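Below: one structure, written as structure tokens.
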Amino acid sequence: MNHISIAIDGPAAAGKSTVAKRVAEILGFTYIDTGAMYRAFTVHVLNKGLDPKDEKVSCSLIPDVDIKLTSDNKVYLNGEDVTRRIREPDVNANVSYIASYKDIRLALVEQQRKMAKNDNVVMDGRDIGTYVLPDASVKIFQIASVETRAIRRYEENMQKGIPCTLEDIENDVRKRDYIDSHRDFAPLKAAPDSVLVDTSFMSVDEVVNAVLEIVKNKCGDFNA
Ligand code: DC
């Protein structure tokens, strides 16, 4: 049986995970947050007291890292729940380095492809439509202005009690945009066959409805 896969790519804090989670819930699909996997890897490097900017040292840890995403959207690193830890500022500041290393990407992409093989999925990330699932049934490229994204991430952090300033968040978003889109291997870019959704002036409900409409146009009306 052919499974349906919906790829949602775009820059940091464009609201991909909120939308992807809601779309997956509505369609009864499995949500896969690939960014969480790069984040969990980063936590492992930091836990070991090593420098995530050091590619060789970071890649040497690949065999030691076991990452699991659960159906209730929890993230486990070697059996430990790191769901909250992966959103902390030191992880934000370092994850783009880890995500730029080819060997780490190859290891995590292999796992991501396996997850999409046996299930209908909504997968979000940076390279899903271009590299991880080039034959995805639907490809969305979700964007918003840097300012909008920084405010959204700031408000999210405040709600979760994660201390930060708007200025730091904006700098972090700009820095990650740059690193994610300038790396050599599978950089952030829109797949030629993706549909662009600019969410700068849209509510979450509007974006979710727009994505559901795109899915309906591509895949027809179906009940999962
Ligand atoms: O979506 P996010 O902010 O949780 O992603 C964390 C980092 O991981 C981000 O800097 C880009 C990187 N990433 C990636 O390179 N490829 C993916 N498929 C997902 C995330």
Side-chain angles (χ1 to χ4, degrees), residues 5-21 24 31-46 52-53 55 58-59 65 67 69 73-75 77 82-116 121-134 136 139-144 146 148-150 152-154 156-157 160 162 164 168-191 194 199:
S5 48
I6 301 171
I8 304 187
D9 289 304
K16 299 182 300 293
S17 63
T18 307
V19 169
K21 246 183 251 171
Y31 166 58
I32 300 170
D33 177 357
T34 60
M37 299 171 75
Y38 294 98
R39 287 171 178 275
F41 201 110
T42 307
V43 169
H44 188 69
V45 177
L46 293 170
K53 290 197 189 76
E55 175 166 5
S58 299
C59 291
V65 172
I67 298 165
L69 306 181
N73 297 323
K74 291 227 155 62
V75 184
L77 166 66
V82 292
T83 313
R84 192 182 154 84
R85 173 77 184 98
I86 61 169
R87 305 289 161 196
E88 290 183 359
D90 58 339
V91 180
N92 289 339
N94 286 294
V95 62
S96 279
Y97 302 115
I98 293 298
S100 71
Y101 304 146
K102 185 174 178 183
D103 288 348
I104 292 178
R105 296 198 72 82
L106 290 176
L108 297 186
V109 165
E110 192 186 335
Q111 210 180 325
Q112 291 156 14
R113 286 184 177 148
K114 270 192 202 144
M115 290 191 258
V121 297
V122 182
M123 191 179 277
D124 79 14
R126 303 295 188 286
D127 60 339
I128 311 306
T130 53
Y131 184 72
V132 181
L133 305 175
K139 298 180 186 179
I140 308 285
F141 198 72
Q142 188 170 324
I143 59 166
V146 172
T148 306
R149 289 186 279 135
R152 285 182 190 159
R153 184 55 50 95
Y154 175 77
E156 202 180 292
N157 281 0
K160 287 181 184 162
I162 297 173
C164 62
D168 284 348
I169 297 268
E170 197 170 316
N171 289 337
D172 174 63
V173 164
R174 281 184 204 282
K175 183 178 128 195
R176 284 208 284 147
D177 281 359
Y178 185 86
I179 302 177
D180 293 344
S181 50
H182 286 81
R183 66 178 176 234
D184 291 336
F185 186 67
L188 166 68
K189 64 171 185 233
S194 61
T199 72

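Numbering of ligands and ligand atoms starts at 1, following listing order. In what follows, residues are counted from 1 in the order of the sequence shown. Because only heavy atoms are used, hydrogens play no part in the values below, and waters and symmetry mates are left out as well, while side chains stay in. What you see is a predicted model, and the numbers here were worked out from it, not measured in a lab.
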Does even one non-hydrogen atom of Arg183 get within less than 4.0 Å of ligand 1? yes

Return the closest protein heavy atom for atom 20 (C) of ligand 1 as residue, atom name and distance. Gly35 CA, 3.5 Å

Please state which protein non-hydrogen atom is closest to atom 12 (C) of ligand 1 and give its distance, to 0.1 Å? Ala99 CB, 3.5 Å

If only atom types and distance count, is the side chain of Thr83 paired as donor or acceptor with the main-chain N or O of Val75 below 3.5 Å? yes

Which segment of Met123 sits under 4.0 Å of ligand 1 when only heavy atoms are counted: neither

If you measure every N/O of Asp33 against every N/O of ligand 1, is any gap under 3.5 Å? no

Under 3.5 Å, N or O to N or O, is Arg126 touching ligand 1 that way? yes

By number and element, which atoms of ligand 1 are closer than 4.0 Å to a non-hydrogen atom of Asp180? 9 (C), 10 (O), 11 (C)

Distance-only donor-acceptor check, side chains Asp168 and Tyr154, under 3.5 Å: no

Nearest candidate to atom 7 (C) of ligand 1, where distance is taken over non-hydrogen atoms, out of Val95, Thr42, Asn92: Val95

Quick one: which ligand 1 atoms are inside 4.0 Å of a heavy atom on Arg87? 4 (O)

Residue-level breakdown please: for Arg105 versus ligand 1, do any non-hydrogen atoms fall below 4.0 Å on the side chain, on the backbone, on both, or on neither? side chain

Answer yes when Asp90 and Arg85 have at least one side-chain N-carboxylate O distance shorter than 4.0 Å, and no when they do not. yes

Can you list the residues that meet the salt bridge (Lys or Arg N to Asp or Glu O under 4.0 Å) rule with Arg87, with sequence neighbours excluded? Asp33

Less than 4.0 Å between a side-chain N and a carboxylate O, is that true for Arg105 and Asp127? yes

Answer yes or no: does an N/O atom from Arg176 fall short of 3.5 Å to an N/O atom of ligand 1? yes

What is the closest protein heavy atom to atom 19 (C) of ligand 1, and at what distance does it sit? Thr34 OG1, 3.3 Å

Let me have the donor-acceptor pairs involving side chains of residues 107-115, under 3.5 Å, with sequence neighbours excluded, atom names and distances please.
residue	atom	partner	partner atom	Å
Gln111	NE2	Ile67	O	2.8
Arg113	NE	Val132	O	2.9
Arg113	NH2	Tyr131	O	2.7

Heavy-atom donor-acceptor pair, Asn157 side chain to Ile162 backbone, under 3.5 Å: no

Does ligand 1 have a heavy atom under 4.0 Å from the side chain of Arg39, from its backbone, from both, or from neither? side chain

Option with minimal heavy-atom separation from atom 18 (N) of ligand 1, where the choices are Ile32, Val132, Asp172, Asp127: Asp127

State the atoms of ligand 1, each with its element, that fall below the 4.0 Å cut-off from a heavy-atom position in Gly125. 17 (C), 18 (N), 19 (C)

Measure the acute angle between the ring planes of Phe41 and His44, then classify it against the limits of 30° and 60° as parallel, tilted or perpendicular. perpendicular

Considering non-hydrogen atoms only, spot the tightest contact between Ser194 and Phe141 and give its length. OG-CB, 3.8 Å

Donor-acceptor pair, Gln142 side chain versus Thr199 backbone, under 3.5 Å? no

In this structure, atom 10 (O) of ligand 1 is nearest to the protein heavy atom Ser96 OG, 2.9 Å

